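Just so it is clear, the model here is predicted, and its values are computed rather than measured. Counting convention: from 1, in listed order, for ligands and their atoms alike.
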Amino acid sequence: MKNFESRVDELRKKFEGALAGVNDDRALEDLRNEFLSRKRGHLTLFFDDLKALTPEERPVAGKLVNELKIQVQEALTTRQGKLATRVVTPDKADLTLPGEKLPWGAPHPLMLFQEEIENIFLAMGFSIAEGPEIETDYYNFEALNFPPHHPARDSWDTLYLGDDLLLRTHTSPMQIRVMEKFKPPIRIIIPGKVYRREAIDPTHLPMFCQVEGLLVDEGVTLAHLKGTLEHFLKTLLGDKIEIRFRPSFFPFTEPSAEVDISCILCRGKDPACPICGGTGWKELLGAGMVDPQVLKNVNIDPERYSGWAFGLGIERTAMFRYQIADMRIFYENDLRFTRQFSLK
Ligand code: DAH
């Protein structure tokens, strides 16, 4: 019997020692099995040993084993509760390591440039609109005063999608859409992609970006157009540039002009200048007073209202500003190029 008592004590000590080292659910479960498993648990085996004792000793010894069993069960339950509330840090994660770096993209330089253009016009009270890249013949040509089969259409090498649908060749059709929807006063710019059937070379792409500008109100004159464009181009490209209006022709403006800016690279002094080719000037945009016929097409009275419009090539202007010789680089998605523009 004495022997039995000391064995129970020994087992208690063994249990307490093992419990102190338990740090997770798995170790706890192993300990529970080691002591309480129905087949091979230490305590189960102890109950079997009771059979070898005398009938007098048996109840006393049975009580000792039972007390230990209850003690073991309670201790395991308490420990389990503590483990559940502990904040577990995954033991394999080294929290001192630097985080995993995701590859960084960059805003596209043309988008950044477009945003600059937008901000200059927003500051002058203009709104911004966008429009469909698939247009009908009516909006791209006819409402803009290009009669069917008119030779002026040939200057816009058009990509047709069917008899009537085409990829817009310029952002000018948005003039019509805007004037159909809103009544004057109108002050708006429309940036967007346009498409032409062009062979790709350093200064031509079949897809490029334009910004259309349109202002319609009472008493609007060419002086307003000139003043606005001068402010816009000087803000965008620097105070030093000069601007020149050259008479031109567009079916939807009368009079029409092509607007050139002085070459910032050679100032007209280098006959081999990669920017201006020695002329000293670089053509940036087309502009003019909205043709009265265009106003009539959208039911705006040309006797009461007048307006001006312009269309600017975004790539062309960005190339001038950043002195980039080849337009294709904008669309090559080389991060070494695109990242340079968002550093400022
Ligand atoms: N849409 C013309 C083009 O793509 C540019 C243009 C010229 C736009 C005169 C205008 C304008 O709004 O008034 O070549």
Side-chain angles (χ1 to χ4, degrees), residues 114 117 121 126-133 135 137-146 150-159 166-180 184 186-198 203-217 220-230 232-233 243-261 282-295 297-298 300 302 305-317 327:
Q114 182 180 312
I117 294 172
F121 279 97
F126 281 68
S127 310
I128 301 170
E130 285 184 351
E133 289 168 27
E135 267 297 5
D137 183 88
Y138 177 76
Y139 285 105
N140 197 80
F141 289 124
E142 199 158 342
L144 287 166
N145 209 24
F146 292 78
H150 192 279
R153 289 184 178 216
D154 296 346
S155 333
W156 283 264
D157 292 306
T158 310
L159 292 158
L166 47 83
L167 292 174
R168 68 177 177 191
T169 57
H170 50 180
T171 42
S172 303
M174 276 304 287
Q175 290 187 27
I176 305 299
R177 290 186 180 276
V178 165
M179 288 189 289
E180 277 179 349
I186 292 168
R187 274 179 290 182
I188 200 154
I189 59 163
I190 304 111
K193 295 193 192 83
V194 302
Y195 302 83
R196 290 185 198 174
R197 192 180 163 280
E198 299 271 12
T203 53
H204 294 91
L205 291 172
M207 182 199 80
F208 57 100
C209 301
Q210 288 189 333
V211 183
E212 193 78 10
L214 175 71
L215 184 140
V216 185
D217 202 348
V220 174
T221 72
L222 193 74
H224 298 123
L225 170 63
K226 214 172 167 215
T228 309
L229 284 181
E230 189 151 345
F232 160 57
L233 291 170
I243 292 154
R244 147 177 118 167
F245 275 53
R246 236 177 336 107
S248 183
F249 171 78
F250 297 101
F252 40 94
T253 42
E254 182 58 36
S256 303
E258 255 158 307
V259 181
D260 301 341
I261 52 170
K282 177 85 182 164
E283 180 205 319
L284 277 193
L285 50 89
M289 299 305 291
V290 179
D291 192 298
Q293 184 58 48
V294 173
L295 294 176
N297 292 347
V298 290
I300 292 178
Y305 294 105
S306 53
W308 54 248
F310 71 85
L312 165 95
I314 297 187
E315 285 85 352
R316 185 181 263 262
T317 313
M327 193 186 271

Out of all atoms in ligand 1, which are within 4.0 Å of some heavy atom of [X]? Include the element for each.
X      : answer
Gln210 : 3 (C), 4 (O)
Thr253 : 13 (O)
Gly288 : 13 (O)

| request: From atom 11 (C) of ligand 1, work out which of Phe250, Phe252, Phe249, Phe208 has a heavy atom at the shortest distance. | output: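 That would be Phe252.
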Measure the distance from [atom] to every protein heavy atom, then report the residue, atom name and distance (to 0.1 Å) of the closest one.
atom                    : result
atom 4 (O) of ligand 1  : Arg196 NH2, 2.8 Å
atom 8 (C) of ligand 1  : Gly311 N, 3.3 Å
atom 12 (O) of ligand 1 : Glu212 OE2, 2.6 Å

| task | Give a yes or no on whether Arg187 atom CZ has more than 12 heavy-atom contacts from other residues, nucleotides or ligands under 6.0 Å away. | result |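 Not buried by this count: 12 neighbours or fewer within 6.0 Å.
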| task | Verify the neighbour count for atom CZ of Arg246: are there more than 12 heavy atoms of other residues, nucleotides or ligands below 6.0 Å? | result | yes
| request: Measure the distances from the heavy atoms of Trp308 to every atom of ligand 1 and state whether one is below 4.0 angstrom. | output: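 Judged by the 4.0 Å heavy-atom criterion, Trp308 does not count as contacting ligand 1.
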| said: Against ligand 1, does Met289 come closer than 4.0 Å with any heavy atom? | reply: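 Not so, Met289 does not reach ligand 1.
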Hey, are the side chains of [X] and [Y] touching, using non-hydrogen atoms and a 4.5 Å cut-off?
X      : Y      : answer
Asn140 : Phe146 : no
Ile128 : Ile189 : yes
Ile188 : Met174 : no

| field | Salt-bridge present (Arg196, Asp157; N to O < 4.0 Å) | value | no
| query | According to the interplanar angle, ranging from 0 to 90°, do the rings of Phe141 and His170 count as parallel (below 30°), tilted (30 to 60°) or perpendicular (above 60°)? | reply | tilted
| request: Determine whether the side chain, the backbone, both or neither of Ser172 has a heavy atom under 4.0 Å from any heavy atom of ligand 1. | output: side chain
